[in-house]
Amino acid sequence: MTPRTFNDIFGNPYLAVLAATTVIMGYLTVNALMIIWMERKVAARMQRRLGPTERGKFGLLQSIYDMGKLIGKELITPTHVNKGLYLAAPVLVFAPVLALCSLIPVSQSWVFHDYDIALVLLLAFSGLAVIGIFSAGWGSNNKYSLMGAVRSVSQTIAYEIPLILSALAVVMMAKELNLYQIVAKQEGLWNIVLQPVAAVIFLISATAETNRAPFDIPEAESELIGGFHTEYSGMRFGLFFFAEYSNMIIACSLATVLFLGGWHGPLLPGILWFFIKVYALIFVMMWFRWTFPRIRFDQLLSFSWLVLTPIAIANLFVTAVVSKLV
Amino acid sequence: MSEASGLAAALAGIASLKTAEAPDAKSGCQGLHTVGREAIVEVGRVFREAGYMLEMLTALDMRAAEQAMHVVYQFNRFGAPDRHRVRVVVPAGEAVPSLADLFGSANWYEREAFDMLGVRFDGHPYLVRILTEEGADYHPLLKDFGVAPAAAEEAAGG
Amino acid sequence: MGRIKEIAKGARSLIGSMGVTLKHLKDEPVTVEYPAERAPISPLQRNAIRLIEKEETPGSHNCIACLQCEKICPSNCISITGYRPEGLAMKRPETFDLNFALCSECGLCLDVCPTATLGYTKVYDKAGYTRADFFHDLLEEYRETEEQVVEHLREADRRKKAEREAKRKAEAEAKAKEAGDAQ
Amino acid sequence: MKETPPPPANATTEELLTQLGPLVHLDVLENLLNQARARSLWPLTFGLACCAIEMMAAGASRFDMDRFGSGVFRPSARQADVMILAGTISRKMGPVVKALWDQMPSPKWAIAMGGCTIDGGPFKYPGQYAIVEGADKIIPVDVYIPGCPPRPEALINGLLMLEQKIKAGKKFHV
Amino acid sequence: MAELIQIASDEDRDTFYLNMGPQHPSTHGVLRLRLHLKGERILSAEPIIGYSHRAHEKMAENRNYIQFLPNPSRVDYLSGMIYSIGYCQAIEKAIGLEVPERAEYIRVICNELNRISSHLLWFGTFLLDLGGVTPFLYCFDDREKILDLLDLVSGSRLTYCYGRFGGLVNDVTDDFLEGTARFCTAFRERLREYDRLVTQNVIFRNRTIGVGVMRPELAQQFGITGPCLRAMGMARDVRRDEPYGIYDRFEFDIPTRTASDCFDRYLVRIAEMEQSMRIVEQALAKLPDGPIMAKKIPRKIAPAKGEYYFAVESARGHFGMFIVSDGSEIPYRIHLRTPSFANLSTMRTVLPGTLLADTVSILGSIDIVLPEIDR
């Protein structure tokens, strides 16, 4: 069962790339604005208040007004800033998002690209975002941003390992690196049933990867004022905001593909199931944010090295033994 | 009240300490003393050994009446209150030895007294203004600072 | 083994607190949508002061410009100039200005007012573009009824004077009668 | 562009709104952006004294400033649109307020909350050495909210008035 | 004590000075912490205060005693009622004025309600500093209920001017009494919920247990009072040691802990909220009828010439008023001994050696209010 890639659909490759980019960018823009609104509404409902209501029907237009305002703000470039890094940072943070999105098998019938090593590519690109965050922190020449940058690098390294190990457990079971085939193999039985421990570890380290609470120490609001994006104003800060939410979508969709059996599901069409699962996971991530306080920096690292990685390795070992026997 | 009597004995040892008669309940303290300027560190050490804390330290501008500033120390113990208010009378402009190395809280209290009333404390590690704006050269709580507002004149007159 | 138990206990506590926020997800929001709905305000609510109507002076306040409130106000935000309408015993205020920006809503003026004609307005959400909005002229709402009230007071004074005359005359007669009986 | 006379010194809000037509004719984009700016004012987390508690109460569940899109309190001055001066500005704090105001990106507004930021409030008396009597001695203020402390509804009313001011595109700093 | 200003001597390459400046989300107002950092480890910390100095003591010297009434509740606006009624009690003791029974009971009820609302706000901002936003919103929701009750009685929400020399301004209404009773029962259930949301939460415990431990001798050294002192194992409370008003008629115990770290200071305050509710319920039960204002109040309030000291237990500790009177209606000098001034000065010895993230939790756990420090 091989999907029809965009090349097959559009014939010449340039048209395919153009179509893929517009589809992804369109989806991401609409989706990021929608998730920002959803986060504020979920937060409000959990805190027994109303959240944005005065702008549009249920406050739906609030994110659009926010983006409009951010576009209209003055872009301050402080003089004490290392201009090259400072200006490159927002672009660097947002760049990998496009590549990541094109690798995810969204539906049964078509996919953007069908690579045999899609998972390796995806995990490689997800490591790129930290370069953008570090250059933002380093470039702003601001003590708080410097600390935010240093924290983000060590956090990403620390949580890259459990992320890969738990993905490896799934790969070992599916004996496949092509994401489309991994999802296809989860026909009757989703991987989360066979790999519950790997799923939990994956979700925790995915939350840490996207710098979201309770792991949001790079832009810890109450300690480091704004963390790495303290010196950014206007649409530059908007890009960071946009990239954070896009990374969140990607992390959740990767988790859906690996553990929750992408488009498999009764009755409804495949693609709809995919998005239901993605938004369920996004809700869980938001649930984390509005419940837990922030982990301290050193506890965060020791939690990854001393707890998550050993468990991930043990889980890998068990999977290896079981898949040998069966 | 063995501790209190032990304390009284130790206090009596200090030469220039004059203990006033028993104060009435309204003044809120159990012992009223005045002491010479140089003996205040000794008094502080006595109270420190007895486990008392420096509850309050402030200065009063008595230059109109006695051409002197009163620096009021108030020691109290944890638990049932046994407050001793020790008063040092120091001519305007003179310095008072600092208790900063005996009591950590004295550091900030003395800086505040200096900031507000201009009383200098010898031996204080970092005697710099603490409350008023940087570059302020005035001591606001002195009686002759600033014009006496209408309410005071009129109330005084009325 | 201890670490495993500890991690399990930690995980259970995290799920416990997540349970609390989920429980609140179902609650009714407690928000009072301010411009549309307004929360009920307490009858004693303290805002800017105003002169309230008194029964001795129907349709107007009963301020006698005694300047007590101006003297007691800690932030000096009340300024009154009184005048004495001819034929009246008590004075009336000509101007009664309040600079609400200085007011600390302490309520001392209400306590000290001899005729208790000061009260609080019900406007608690005042905002303005310029500072001039907060110089309230408390006499504004009673401008037009001022004349009738002065007339009413004059009339009341006359009646009181008449009663006093009558009473004094009655006493004089009573004394005269006693003097008459005594002889 | 017709030249309108500057507003009288102590004109009240009603006089200003009636007497002044649009001071300057704004082009379409600026007007469009103003509609977006008015509807998403991000305040700066900047509490000075007692009014800060009422500002927090306005942001909390019962009065919920987030209904107007301004529940996002930005700690960094670079990302804030409106500076809500909640509390007394002391002389030592004055230069800090000015520095923060300069750090904020350009379409920025200021709300003076509480009597202390309008005219010195209860701390104003002849011989006062410690406070700045009124925030507009340091920065241009758009909306004043009296009260000591003003109620959260007053702050929300102030926010709504600021929105009217931005939407109407009127630029009068009196 | 590490000398602060010799920068030249320890010119170690990777240490730097950081200003947790007057405008910072977690300095509880306008406090500036000058930190000397090596990476994220703090070498020395010097709190710089004065950014909300409003000259309360200078104002005391140019207005008479009754006109100074609005000031105390603006010194510590979180326990505004305790400060304002404390000032009234100080002057009543100075001029020997008796307050009727009913007023005493209402004062105790309002004080304890104000203490609970102050602890609630501390609880919310403490969690906000640690990154948890939702508890902040929950505690404000409960606090609004208390503010409504006190609004019913005194007419204001935060800075109260409810007490007068000799009693109170207005009497208590029935729905205030029912509301208070209802609040106490509902709030106990909410406290159990906070316990599950925060106290058991492993992330919160890791952030606070063993963090910011204050050695016991700091208490005597710096004159620490209030919940920070009680977290060190010393059951000291002005309401118990030096009962003012009618606090000796209620039995309530003084919660103490021994490890004196952030977690213990947290537990002490949560337990204190329970005790305050016990006092409120006892006071509600024994509330007598009668007037709320003393019969004969002297027209001119002028304490005899001399010095008076009166202390009350505010939510943050021992608040003392040192009143010097020269017999006239204008006080000669009123010095306000505020608890947070002493509690904050310990930061110079507690903070060095901790991480930057701990500074935020320690500062949050000692619960300071800046205008009370700067006066």
Side-chain angles (χ1 to χ4, degrees), chain C residues 3 5-25 27-32 39-49 68-78 102-112 114 116 118-122 124-125, chain E residues 59 62-64 66-71 73-74 84 132-135 137-138 140-142 144-145 147-165 169-173 175-176 179 190 192-206 293 297 299:
Chain C
R3 278 187 62 71
K5 228 195 269 71
E6 191 192 303
I7 292 167
K9 196 162 95 56
R12 219 173 311 111
S13 77
L14 292 183
I15 289 156
S17 20
M18 281 168 76
V20 171
T21 34
L22 189 68
K23 185 164 72 65
H24 281 301
L25 196 60
D27 285 359
E28 251 309 296
V30 297
T31 314
V32 167
I41 54 174
S42 119
L44 305 171
Q45 189 188 48
R46 290 184 179 177
N47 300 307
I49 55 170
Q68 281 298 328
C69 53
E70 182 176 340
K71 205 174 293 173
I72 195 76
C73 176
S75 4
N76 305 327
C77 49
I78 299 173
L102 303 180
C103 168
S104 68
E105 293 157 5
C106 59
L108 289 177
C109 48
L110 264 76
D111 304 344
V112 91
L118 276 175
Y120 291 109
T121 64
K122 288 282 176 271
Y124 54 85
D125 52 2
Chain E
M59 286 171 78
N62 64 31
R63 54 200 56 218
N64 55 33
I66 190 76
Q67 284 176 326
F68 189 63
L69 204 56
N71 280 49
S73 68
R74 280 159 182 84
S84 171
V133 180
T134 312
L137 272 303
Y138 290 161
F140 253 87
D141 186 23
D142 293 336
E144 287 289 336
K145 294 194 182 70
L147 296 187
D148 285 349
L149 289 175
L150 293 178
D151 193 356
L152 270 180
V153 158
S154 69
S156 32
R157 280 166 55 93
L158 193 70
T159 53
Y160 307 98
C161 224
Y162 181 39
R164 292 291 185 271
F165 303 143
V169 175
N170 9 53
D171 201 342
V172 168
T173 57
D175 46 17
F176 169 78
R190 283 304 289 269
R192 271 195 303 282
E193 192 180 281
Y194 288 158
D195 180 69
R196 208 150 48 90
L197 177 66
V198 175
T199 318
Q200 309 302 336
N201 192 318
V202 74
I203 300 175
F204 174 77
R205 296 174 86 98
N206 289 348
M293 204 59 174
I297 300 166
R299 222 185 57 73

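Predicted model, so just to flag it, every value in this text is computed and none were measured. Per chain, numbering begins at 1; letters A, B, ... match sequence-line order.
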When rounded to the nearest 0.5 Å, the distance separating CG of C:Leu44 from CZ of E:Phe176 is 11.5 Å
Cut-off 4.5 Å, heavy atoms of chain C, and the answer for E:Arg157 is neither
Checklist entry - With no hydrogens and no angle check, is any side-chain donor or acceptor of E:Gln67 less than 3.5 Å from a backbone partner on C:Lys71? => result yes
Rounded to the nearest 0.5 Å, the CG atom of E:Leu137 sits from the OG1 atom of C:Thr21 at a distance of 12.5 Å
Result for side chain to side chain contact (heavy atoms under 4.5 Å, CB included) between C:Ser42 and one of E:Asp151, E:Asp175, E:Thr173, E:Val153 points to E:Asp151
Any E:Arg164 side-chain heavy atom under 4.5 Å of C:Leu108 side chain: yes
The interface call for C:Leu14 against chain E, heavy-atom contacts under 4.5 Å, is side chain
Okay, E:Asn201 and chain C: the region with an atom under 4.5 Å from a heavy atom over there is both
Applying a strict 4.5 Å limit to non-hydrogen atoms, the region of C:Pro40 in contact with chain E is neither
If one checks every heavy atom of C:Lys9 against chain E at 4.5 Å, the contacting part turns out to be neither
The reported gap from CG in E:Asn64 to CD1 in C:Ile72 (rounded to nearest 0.5 angstrom) is 5.5 Å
Residue set satisfying side-chain hydrogen bond (donor to acceptor under 3.5 Å, both in side chains) with E:Thr159, at least two apart, ordered chain then number -> E:Arg74
Keeping the roles fixed (side chain from C:Arg46, backbone from E:Ser154), state whether a donor-acceptor pair exists under 3.5 Å.
yes
Cut-off 4.5 Å, heavy atoms of chain C, and the answer for E:Tyr138 is side chain
Checklist entry - With distance as the sole test, does E:Arg63 use its side chain to make a donor-acceptor pair with the main-chain N or O of C:Pro74 at under 3.5 Å? => result yes
Max heavy-atom pairs within cutoff under 4.5 Å with chain C, candidates E:Arg205, E:Met59, E:Arg196, E:Gln200, goes to E:Arg196
Interatomic distance, CG@C:Leu110 vs CG@E:Asn170, rounded to 0.5 Å, equals 10.0 Å
To the nearest 0.5 Å, atom CE of C:Met18 lies from atom CG of E:Leu197 at 11.5 Å
